[in-house]
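Note: hydrogens, waters and symmetry copies are ignored here, and every other heavy atom, side chains too, is used.
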Amino acid sequence: MLPEYDIVIVGSGLGGLLCAALLGKEGYSVCVLEKNRQYGGSLQTFSRDKTLFDSGVHYIGGLAPGQTLHQVFSYLGLTDALNLQQLDEDGFDRIVFLEDGAEYALAQGYDRFAAKLKEAFPGEESAIDQYCSTIREICSRFPMYNLRTGEGMSEKESVMGIDTLAFLQSITNNQRLQEVLAGNNFLYAGEPAKTPLYVHALVVNSYIESAWKIVDGGSQITKHLVKLIRSTGGDLFNHTEVIKLKGEDERLTRAVTKDGRLFIAKHFISNLHPKRTMEITESPLLKAAYRNRIKRLADTISSFSLNAVLKPGVFPYLNHNYYLHHPGAVWKAVEAMPGDWPLSAGVFFTEDANHPGFAESVSILTYMSAGEWEPWKNSFNTDSQQGERGNDYYRLKTEKAELLLDLVEKRFPHLREAIKSYSCATPLSFRDYIGTEDGSLYGIAKDYRHPMATYLPTRTKVPNLFLTGQNVLLHGILGVTITALTTCAEFVPVEDLLKKIRSAT
């Protein structure tokens, strides 16, 4: 006889793992199903030339005592389990403009953040103060972001229809200051005349509060959560791809896997992209109009990354990140045509434990459309399910890698000389390993013109099917954590849960 779980969770990205851990602690029997070998989605790490690299988590925010992510992680035992390193408080991110070499520091803590910008932009004190106060005000409107209960959509709805770029233009005519304030918009794949200010605010605020690296890689979060889930009696199965969610009448009863296994449950949480969730769910309650609305939602762009192992003791370690931009590229890079590519790049260093003060590796990230890889779109290749994409694919990867290094060497002229070896990930790599639509960086793109249409609820039209993950409320480690709490609030009294979290530190 098949076991029946209280909750089956499809997909083991951070959202799925957090839901399993939180609900397991509340006494629910949970089961997590993952199609790939590794659990964790964007938390996955990989090794090249005996050096560890993160797939998607290069740094995280809001982890200082008392801050939101720190409180949730403390409740789950994560703060003690992780090896954390705080980035440079005087500038966790450096925004660099390649036409003149000018570099601007984004500091941690609002007082320091504002002071550093006022030094760089005398005469813009009022604009900088207005920026900081607006960001904090917007963040205060999102109850779960602040680990409190609220009044539903009424608190935040009034600030969800503001365009990020238009707001920046409204507070200052200084274009360089506008570009600096949006200079790390890789963190949310910012698009001009589209990205809502609330997305910018919620993401950037967490890093201004505090910015950290996970020294041993984001997979440490996965390992701890998997252990916690199992300690509360939960089950996890990898190499287990769900192809159908089926039921009787209006409720789902079982998940059907590719190899024919059945997983029976009272409730289901999908950590998959909502489009994929709609594809695998059989229910008369999911009408064509609802399915089509989800299907039409646009996703954020994908990316191309270069991960380089550096020669020992050669390149100095820099305890901050860099965002490099060609002229006008802060907002244009996301839509760069192949002939102009790349226009911008994010650069992230890791320190060599055996050679303190020197970098062990560097990861370089830039935007890239999945359309460039159209000839190989039907291929699939991971370490556990290998497929061959041919010489033309690898030639194109090398060509793109060299163009990306050309851009980065405008700021770091001798970087190539310090590289021992490198590997690259294309939009297809992100699609295959992370499971995002077309390798999308952050899933469904939020749009200030249609804020409610792109801000999905955790509930679906099926009474026992719920959503979680980066596609729902907000992406990123903090955003997915807030979404997971919102999903869990469908099962447990939310005030009780938040009280437990707040009292954990």
Cation-pi between Lys156 and Tyr145: NZ/CZ under 6.0 Å from ring centre and within 45° of the ring axis? no
Keeping Gln178 on the side-chain end and Thr172 on the backbone end, is there a donor-acceptor pair under 3.5 Å? yes
Work out which heavy atom in His475 is nearest to a heavy atom in Val199; give both atom names and the distance. CE1-CG1, 4.2 Å
Are any of the side-chain heavy atoms of Thr222 and Gln44 separated by less than 4.5 Å? no
Residue Arg459 excluded, over 12 heavy atoms near CZ under 6.0 Å: no
Is it the case that the side chains of Ser55 and Ser42 hold a donor-acceptor pair, with the cut-off being a distance below 3.5 Å and no angle test? no
Could you grab the distance from atom OG1 of Thr68 to atom CZ of Phe142, nearest 0.5 Å is fine? 13.0 Å
Determine whether a donor-acceptor pair (N or O, by modelled atom type, separation under 3.5 Å) exists between the side chain of Asn184 and the backbone of Ile95. no
Output every pair passing side chain to side chain donor-acceptor pair (under 3.5 Å) with a member in residues 287-297, not counting sequence neighbours, ordered by first then second residue. none
For Gln86 and Trp212, indicate whether the former's side chain and the latter's backbone hold a donor-acceptor pair under 3.5 Å. no
Exactly one of Val494, Thr483, Leu497 clears side-chain contact (heavy atoms from CB on, under 4.5 Å) with Cys488, and that residue is Leu497
Are there more than 12 heavy atoms of other residues, nucleotides or ligands under 6.0 Å from atom CD of Glu250? no
List the atom of Met160, the atom of Tyr198, and the distance in Å for their closest heavy-atom pair. CA-CD2, 3.8 Å
Criterion side-chain contact (heavy atoms from CB on, under 4.5 Å) on Phe491 and Cys19, from CA distance to verdict: CA-CA 10 Å; Phe491 297 88; Cys19 285; over 6 Å; no
CA sep, side-chain torsions, deciding dist, call: Leu474, Ile482, side-chain contact (heavy atoms from CB on, under 4.5 Å): CA-CA 8 Å; Leu474 190 67; Ile482 299 310; over 6 Å; no
Does any non-hydrogen side-chain atom of Tyr433 lie less than 4.5 Å from one of Phe46? no
Parallel, tilted or perpendicular, as decided by the 30° and 60° cut-offs, for the rings of Phe121 and Tyr104: parallel
Quick one: does Leu428's side chain get under 4.5 Å of Arg431's, heavy atoms only? yes
Is there a donor-acceptor contact under 3.5 Å from the side chain of Ser133 to the main chain of Gln130? yes
In Å and rounded to the nearest 0.5 Å, what is the OH to OG distance from Tyr75 to Ser503? 8.5 Å
Gln67 side chain to Leu69 backbone, donor-acceptor under 3.5 Å: no
Could you tell me whether the side chain of Thr366 and the main chain of Ser344 form a donor-acceptor pair under 3.5 Å? yes
Give me the ring orientation class for His267 and Phe466: parallel if the planes are under 30° apart, tilted from 30 to 60°, perpendicular past 60°. tilted
Please check if the number of heavy atoms outside Asp496 that lie under 6.0 Å from its CG is greater than 12. yes
Are the charged groups of Asp340 and Lys332 less than 4.0 angstrom apart, N to O? no
Can you tell me if Glu372 uses its side chain to pair, donor with acceptor, with the backbone of Ser369 under 3.5 Å? no
Salt-bridge present (Arg502, Glu495; N to O < 4.0 Å): yes
What is the minimum heavy-atom distance between Ala107 and Lys116, and which atoms define it? CB-CG, 3.8 Å
Can you tell me if Thr468 and Asn271 form a side-chain donor-acceptor pair at under 3.5 Å? no
Any donor-acceptor pair under 3.5 Å linking the side chain of Thr240 with the backbone of Asn238? yes
Criterion side-chain contact (heavy atoms from CB on, under 4.5 Å) on Arg136 and Cys139, from CA distance to verdict: CA-CA 5 Å; Arg136 301 176 86 171; Cys139 291; 5.7 Å; no
Rounded to the nearest 0.5 Å, the CD1 atom of Ile243 sits from the CD atom of Glu279 at a distance of 12.5 Å
What closest approach, in Å, do Asn471 and Leu456 show between heavy atoms, and which atom pair accounts for it? O-CD1, 4.1 Å
Is the backbone of Arg251 close enough, under 3.5 Å, to the side chain of Asn464 for a donor and an acceptor to pair up by distance? no
Are any of the side-chain heavy atoms of Asp438 and Ser302 separated by less than 4.5 Å? no
With rounding to the nearest 0.5 Å, note down the distance linking CD in Gln38 to OG1 in Thr45. 5.5 Å
Could you grab the distance from atom CD of Glu191 to atom CG of Asp447, nearest 0.5 Å is fine? 8.5 Å
Between Leu82 and Gln220, the two heavy atoms sitting closest are CD2-CB, 3.6 Å
Out of Tyr442, Tyr367, Tyr207, Trp331, which residue meets the ring pair (Phe, Tyr, Trp, His ring centres under 6.0 Å) rule with Phe186? Tyr367
Could you tell me which non-hydrogen atom of Ala255 sits nearest to which non-hydrogen atom of Leu33, and how far apart they are? CB-CD1, 4.2 Å
Could you tell me whether the side chain of Leu76 reaches within less than 4.5 Å of the side chain of Leu22, counting heavy atoms only? yes
Hey, mind stepping through Asn205 and Tyr110 against side chain to side chain donor-acceptor pair (under 3.5 Å) and telling me if it holds? CA-CA 9 Å; Asn205 172 74; Tyr110 274 95; 2.7 Å; yes
Return yes when atom CD of Gln175 has more than 12 non-hydrogen atoms of other residues, nucleotides or ligands closer than 6.0 Å, and no otherwise. no
Sidechain N-carboxylate O distance under 4.0 Å for Arg176, Glu124: no
Walk me through it: do Tyr188 and His200 pass the test side chain to side chain donor-acceptor pair (under 3.5 Å)? CA-CA 7 Å; Tyr188 48 90; His200 170 94; 2.7 Å; yes
Take Leu285 and Thr460, measure what side-chain contact (heavy atoms from CB on, under 4.5 Å) needs, and give me the verdict at the end. CA-CA 9 Å; Leu285 298 178; Thr460 71; over 6 Å; no
Distance from Thr164 atom OG1 to Leu197 atom CG, nearest 0.5 Å? 5.0 Å
Kindly indicate, with the supporting measurements, whether the criterion side chain to side chain donor-acceptor pair (under 3.5 Å) is fulfilled by Ser158 and Arg141. CA-CA 9 Å; Ser158 64; Arg141 301 285 193 96; 2.8 Å; yes
Would you call Arg254-Glu248 a salt bridge at under 4.0 Å N-O? yes
Taking the six-membered ring for Trp, are Trp373 and Phe304 parallel (under 30°), tilted (30 to 60°) or perpendicular (over 60°)? parallel
